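Taking it in order: structure first as structure tokens, then the write-up.
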Amino acid sequence: MKREKIIEVLKSNETGKTVLVKGWVRTKRGSKNINFIALNDGSTIHNLQIVVEVENFNDKLLRNITTGAALSVSGELTQSQGSGQNVELRAQEIELLGGADPDKYPIQPKRHTLEFLRENAHLRFRTNTFGAVFRIRHAMAFAIHKYFNEKGFYYMHTPIITASDAEGAGQMFRVSTLDPVNPPTTEEGEIDYTRDFFGKPANLTVSGQLEGELGAMALGEIYTFGPTFRAENSNTTRHLAEFWMIEPEMAFYDLTDNMDLAEDFLKSLIRYALDNCMDDLQFLANRLREEEKNKPQDQRSMELIEKLESVAGSDFVRCTYTEAIEILKRSKPYKKKKFQFPVDWGVDLQSEHERFLVEKHFKRPVILINYPKEIKAFYMKQNDDNKTVGAMDVLFPQIGEIIGGSQREEDYNKLVTRMKEMDIPVEEMWWYLDTRRFGSAPHSGFGLGFERFILFVTGMGNIRDVIPFPRTPKNAEF
Ligand code: ATP
Ligand code: MN
């Protein structure tokens with residue numbers, strides 16, 4: 001007999017039919033004569049109820065069916081007597097594929113804290129919460145590829161190892177095969193990287209953008225979707241050392257086209273989640289509602305599904321950095337000295353400022369544009385005011401910055417001048433600069449932090465809980 005997925009079995013109304021399912025026991029309860037097993041196989045958040053007539057089965061087998069055990073069960077699909085499900089499975093044959101010693105198995109049918117589950121990240125997929133999060137994560141990855149494919153963008157695989165440290169987006173992780181105890185040295189006593197694997201210092205990439213631009217200048221519209229690495233020592237709920245980024249790069253797009261794409265992209269993804277992940281979203285929404293009950297009224301956040309509907313249906317605010325600074329300076333928290341970080345034209349906005357703009361002032365997602373050139377990367381298009389660049393950050397409720405992007409400087413001379421001002425090694429970047437020498441054209445792009453987006457969609461509070469195995473300072477277990 002062919003195994004069926006529980007999601008299909010639950011949908012089917014073919015009572016009387018014999019089916020075979022395989023999965024893990026979530027709970028077992030019952031009486032002397034009859035047992036009820038909730039079986040989950042990961043295909044859906046819902047369990048299939050297995051009805052077991054005790055007299056038909058071996059005692060020892062039934063004793064070994066405990067939470068976490070893996071089973072193969074065949075039987076007859078029947079109309080369910082109990083509430084909560086349409087159909088249930090009357091077990092005819094049960095095979096214990098793998099037991100789970102109840103004294104040792106950490107994931108018991110009770111509420112575990114997220115901290116405990118992080119320490120047991122190898123088993124946390126087996127909880128409803130993480131099942132829901134990782135199914136949604138998958139659906140969003142799929143929706144991203146679908147979105148770009150339908151728009152004629154090409155998926156481009158940019159390198160993970162890079163020898164250029166010009167990306168400037170953060171501290172990098174070195175990649176080296178040199179002996180760390182006795183590295184070869186030059187006559188001057190410095191480490192001799194010519195003898196390293198790549199013949200020069202190499203790092204894990206912080207962004208695929210620079211290579212992405214090369215692709216866009218021939219293929220037209222490309223996107224990357226891969227892991228990126230930052231050795232920044234920021235222990236926040238929004239930073240990982242290893243995270244996934246989606247970076248579209250488009251020829252012939254100006255900043256407005258770039259904003260239009262970012263807004264449509266985010267809304268489409270949220271719409272996809274609402275249309276395709278409702279069971280999991282509903283579970284997470286309920287979970288969140290329980291959690292919010294313990295918070296004071298004024299700190300509660302919007303209901304999850306309502307929040308997703310609202311963002312999917314709203315027009316994002318577009319506002320310049322300069323206007324944002326003025327708004328912040330006129331704000332209550334500023335006047336009452338409630339902001340921890342300073343607000344002044346020229347400083348980078350912190351997430352407390354970003355969240356004020358989105359959650360309190362505009363009450364909608366905000367795209368901030370035209371940032372001071374001093375706080376942005378060398379490749380951003382220089383505006384005529386000589387002070388700002390054509391950057392755009394998309395700010396979301398609860399998250400703050402979710403997308404960072406810009407129109408790119410296409411003028412060779414302006415770009416080189418800026419690189420020199422910022423101490424970017426111009427010679428090393430000859431390949432990047434070649435795009436500005438041969439057929440240069442206006443172009444734009446942005447980077448969406450995948451985990452930040454998943455935080456938003458799932459309503460989870462900590463970025464460590466939306467990636468299977470988080471890498472953060474002092475933490476690379478599993
Ligand atoms: P932040 O100021 O929040 O650290 P950033 O300005 O360093 O972000 P960018 O370099 O513009 O971010 O990266 C593009 C996107 O990647 C960000 O908008 C964010 O969604 C995501 N991102 C950046 N750093 C991290 C990180 N350490 N962990 C997870 N996502 C990140
Ligand atoms: Mn950062």
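Whatever order the structure lists them in is the order used to number ligands and atoms, beginning at 1. This structure is a prediction, so every number in the text was calculated from the model and none was measured. The basis for the numbers below is simple: all heavy atoms, side chains too, and nothing from hydrogens, waters or symmetry mates.
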Looking only at heavy atoms of Ile463, does any of them come nearer than 4.0 Å to an atom of ligand 1? yes

Would you say Glu451 touches ligand 1, if touching means a heavy atom closer than 4.0 Å? no

Does one side chain, of Thr388 or Asn383, offer a donor that lies under 3.5 Å from an acceptor on the other? yes

Do Ser406 and Arg408 have a side chain donor and acceptor closer than 3.5 Å?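 Looking only at side-chain atoms, Arg408 and Ser406 do form a donor-acceptor pair, the distance falling under 3.5 Å.
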
Single hit among Arg355, Arg238, Glu359, Lys307 for side-chain hydrogen bond (donor to acceptor under 3.5 Å, both in side chains) with Gln398: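 So, applying the side-chain hydrogen bond (donor to acceptor under 3.5 Å, both in side chains) to Gln398 and each of Arg355, Arg238, Glu359, Lys307, only Lys307 qualifies.
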
Which atoms from ligand 1 have a heavy atom of Ile403 less than 4.0 Å away?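 Every atom of ligand 1 under 4.0 Å from some heavy atom of Ile403: 18 (O).
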
Which of the atoms in ligand 1, numbered in the order shown and given with their element, are less than 4.0 Å from a heavy-atom of Gly447?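 Taking each heavy atom of Gly447 in turn, ligand 1 has 14 (C), 15 (C) under 4.0 Å.
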
Taking both backbone and side-chain atoms of Phe243, is any N or O found less than 3.5 Å from an N or O belonging to ligand 1? no

Look only at interatomic distance and state if Leu240 has a nitrogen or oxygen under 3.5 Å from any nitrogen or oxygen of ligand 1. yes

Closest heavy-atom approach to atom 9 (P) of ligand 1 among Arg230, Met245, Glu247, Arg238 is made by Arg230

Counting heavy atoms only, which of Arg471, Arg452, Gln209 comes nearest to atom 3 (O) of ligand 1? Arg452

Show me, pair by pair, the donor-acceptor contacts under 3.5 angstrom made by side chains of residues 468-478, not counting sequence neighbours?
residue : atom : partner : partner atom : Å
Arg471  : NH1  : Glu477  : O            : 3.0
Arg471  : NH2  : Phe478  : O            : 2.7
Thr472  : OG1  : Asn475  : ND2          : 3.2

State the CG-NZ distance between Asp196 and Lys200, to the nearest 0.5 angstrom. 12.0 Å

Residues forming a ring pair (Phe, Tyr, Trp, His ring centres under 6.0 Å) with Tyr223, sequence neighbours excluded: His145, Phe148, Tyr155

